Amino acid sequence: MKHLLYIFLFGVLLVSFRTDHLQKNYPTDYFQSPVDKALRLSGTFGELRSNHFHAGIDIKGSVGEPLYAIADAYVSRIKVQSGGYGNALYLTHPNGYTSVYAHLDQFSPEVAEYVRKYQYKRKSFEVDLYPAKEALTFKQGESIGKLGLSGRSYGPHLHFEIRDSRTEKPINPLLFGLELPDHIAPRLHSLKIYQLNDKRETLDTKVVDVVKKGRGYGVRGDTLLIPAWRAGFALKVYDHMDGVSNWNGIYSLRVERDDAPLYDFTMESFSFDETRYLNAHLDYPEQKNNKAYFNRCYTLPGNKLRIYNQSAAQGVVELHRDRATKITMTAKDVRNNDAELTFWVKRAPVTEPESPVYNYFLPYNEDNLIENQALRV
């Protein structure tokens with residue numbers, strides 16, 4: 001009976017784990033667009049940035065264009081700073097979500113007057129204010145300010161977010177029914193191969209080009225020979241959209257081994273507490289040394305991001321000499337345009353690398369101390 005109970009509980013946990021990673025049902029007819037024109041994006045939700053995932057979408061525009069409340073709301077926060085989001089407005093809606101508008105050129109007159117009062121009172125340009133619920137309110141479609149480039153902005157745009165008001169987690173705004181003209185599939189650029197040991201540590205790497213083959217992508221020669229017992233992969237891929245030339249981040253990436261699920265992630269939502277795990281999700285040396293953003297298609301030990309839905313293999317592929325393993329990668333944007341890469345891998349003769357000699361070994365999952373007469377770390 002105990003064994004049956006354990007099996008039942010394991011099944012419940014497995015179903016629960018999988019359910020957590022399914023896209024939830026978000027209201028698609030509640031919010032209007034924050035701008036009065038077709039959306040053109042210079043940045044997508046979950047895009048890989050330096051040390052963080054992008055928490056919203058960047059809507060292209062010109063300084064002074066009007067911005068609108070996406071639904072009835074009260075102003076729950078106003079932040080003014082010289083860097084970061086610059087002039088930012090937070091509107092809390094009665095359906096459990098908060099919208100964020102950043103890099104504004106100016107606030108609406110009533111908000112601007114409220115801010116000015118506290119700037120004089122505190123004798124500070126930079127303020128972070130939390131008005132009472134009844135202090136400042138907007139109806140859907142009312143002007144909340146003007147588009148700009150305040151704060152850390154490299155061009156005029158609206159950085160726009162939708163967050164869960166309870167958890168503060170940002171959610172992909174394009175899941176809420178905002179219209180976005182997009183008929184262009186993501187484009188795949190490069191594949192990186194990692195030779196791995198049994199601890200998912202990297203022994204060696206190699207970057208190979210991906211080539212267009214019919215409607216999909218492949219590699220030259222179809223089959224990659226990898227001199228290791230295990231391999232992992234990373235993909236350099238960008239999304240493209242109608243009417244813009246920007247290279248934006250993708251929505252999801254799925255990997256299959258011999259047509260069976262191996263690994264996938266979806267940029268639906270994430271926690272700000274987890275965003276620095278970006279440096280484990282991407283290939284950090286590639287980003288730092290070559291300004292190249294590769295999505296790692298296997299998880300590193302200690303990576304606690306909850307964007308993944310993966311098998312027990314965690315994206316690692318065991319290699320065989322006598323048979324080829326088929327690998328399929330499918331990248332999608334939020335409008336379900338997709339691009340597929342297919343190739344095969346086999347194990348080449350393995351030359352065990354010499355074990356490097358270290359002065360100290362620092363496990364990732366425990367406290368470490370280095371102490372001698374010269375230093376204490």
Side-chain angles (χ1 to χ4, degrees), residues 31 33-35 37-63 65 67 70 79 81 83-90 98-105 145-163 169-187 189 235-253 265-272 274-276 278-279 281-282 287 291-295 305 307 331-335 337 339:
F31 296 127
S33 174
V35 297
K37 61 182 182 179
L39 294 182
R40 296 166 61 245
L41 303 187
S42 58
T44 50
F45 180 86
E47 198 166 76
L48 310 183
R49 300 286 179 91
S50 178
N51 287 325
H52 70 284
F53 292 101
H54 191 225
I57 56 175
D58 288 341
I59 301 174
K60 296 164 79 81
S62 302
V63 173
E65 290 184 5
L67 303 174
I70 62 172
K79 189 169 185 179
Q81 56 184 150
Y85 280 5
N87 297 326
L89 192 65
Y90 296 68
T98 295
S99 54
V100 182
Y101 312 73
H103 306 303
L104 273 63
D105 178 62
K146 306 289 186 182
L147 186 146
L149 44 66
S150 61
R152 187 176 175 82
S153 175
Y154 297 102
H157 71 278
L158 169 66
H159 173 86
F160 175 71
E161 301 177 16
I162 295 180
R163 300 182 183 180
K169 284 186 176 182
I171 303 164
N172 195 322
L174 297 180
L175 299 176
F176 289 84
L178 302 182
E179 291 294 328
L180 175 72
D182 184 7
H183 303 88
I184 303 174
R187 294 174 189 158
H189 294 265
L235 189 63
K236 183 180 177 182
V237 53
Y238 293 96
D239 187 28
H240 299 266
M241 299 175 180
D242 299 358
V244 296
S245 59
N246 301 81
W247 294 24
N248 295 327
I250 59 172
Y251 177 65
S252 69
L253 180 58
F265 71 81
T266 303
M267 291 302 181
E268 176 186 347
S269 178
F270 63 86
S271 167
F272 287 113
E274 299 174 351
T275 194
R276 288 298 290 272
L278 165 118
N279 291 322
H281 173 80
L282 54 69
Q287 191 267 324
K291 306 300 180 186
Y293 287 87
F294 280 81
N295 289 277
L305 269 174
I307 63 173
K332 291 186 178 184
D333 62 28
V334 75
R335 290 294 178 255
N337 301 302

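All of these numbers come straight from a predicted model, not from anything done at the bench. Here, residue 1 is the first one in the sequence, and each next residue gets the next number.
With contacts defined as side-chain heavy-atom distances shorter than 4.5 Å, the pair Ile162/Phe31 qualifies. Within the 4.5 Å cutoff, the side chain of Asn246 has no heavy atoms near those of the Asp58 side chain. Looking at Pro186 and Tyr251, their side chains never come closer than 4.5 Å, going by heavy atoms from C-beta outward. The closest side-chain heavy-atom distance from Phe294 to Lys236 is below 4.5 Å. Side-chain contact between Thr44 and His54 is absent, with no heavy atoms from C-beta onward closer than 4.5 Å. Annotation: side chain of Glu274 is not in contact with side chain of Phe53 (no heavy-atom distance under 4.5 Å). Contact of the His281 side chain with the Ile307 side chain is registered, since non-hydrogen atoms from C-beta on lie closer than 4.5 Å. Looking at Leu149 and Val63, their side chains come closer than 4.5 Å, going by heavy atoms from C-beta outward.
With rounding to the nearest 0.5 angstrom, the CD1 atom of Ile171 is 11.0 Å from the CZ atom of Arg163. Going from atom CD1 of Ile57 over to atom OG of Ser42 covers 9.5 Å, rounded to the nearest 0.5 Å. Distance check: His189 NE2 to Tyr293 OH gives 14.5 Å after rounding to the nearest 0.5 Å. In this structure, the separation between NZ on Lys79 and CG on Leu89 is 13.5 Å, given to the nearest 0.5 Å. With values rounded to the nearest 0.5 angstrom, Ser252 atom OG is found 10.5 Å from Asn295 atom CG. We find the CG-CE distance between Asn172 and Met267 to be 10.0 Å, quoted to the nearest 0.5 Å.
The minimum heavy-atom distance between Gln81 and Gly83, with the atom names listed, is CG-O, 2.9 Å. Of all non-hydrogen atoms in Ala331 and Val237, the two that sit nearest each other are CB-CG2, 3.9 Å. Shortest non-hydrogen contact noted between Phe45 and Pro170 is CZ-O, 3.5 Å. Nearest approach of Arg49 to Leu278, heavy atoms of both residues: O-CD2, 3.0 Å. Between His103 and Arg152, the shortest heavy-atom distance links the atoms CE1-O, 3.4 Å. Of all heavy-atom pairs between Ser269 and Lys169, the closest is OG-CB, 3.8 Å.
Side-chain N/O atoms of Asn337 and His183 include no donor and acceptor closer than 3.5 Å. Side-chain N/O atoms of Asn279 and Asn51 include a donor and acceptor closer than 3.5 Å. Side-chain atoms of Tyr85 and His159 form a donor-acceptor pair, as typed in the model, at a separation below 3.5 Å.
Side-chain atoms of Ser150 come within 3.5 Å of backbone atoms of Leu104 as a donor-acceptor pair (strictly under, hydrogens ignored).
Of the candidates Asp239, Leu39, Val244, Leu41, Asp239 is the only one forming a side-chain contact (heavy atoms from CB on, under 4.5 Å) with Asp182.
By the 6.0 Å contact criterion, NZ on Lys291 is open, its count of non-hydrogen atoms from other residues, nucleotides or ligands being 12 or less.
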*Begin with the C-alpha distance, continue with both residues' side-chain angles, and end with the deciding distance and a verdict on side-chain contact (heavy atoms from CB on, under 4.5 Å) for Glu65 and Val35.*
CA-CA 8 Å; Glu65 290 184 5; Val35 297; 5.5 Å; no
*After noting the C-alpha distance and the side-chain angles of Ile70 and Phe160, does the key distance pass the side-chain contact (heavy atoms from CB on, under 4.5 Å) rule?*
CA-CA 11 Å; Ile70 62 172; Phe160 175 71; 3.8 Å; yes
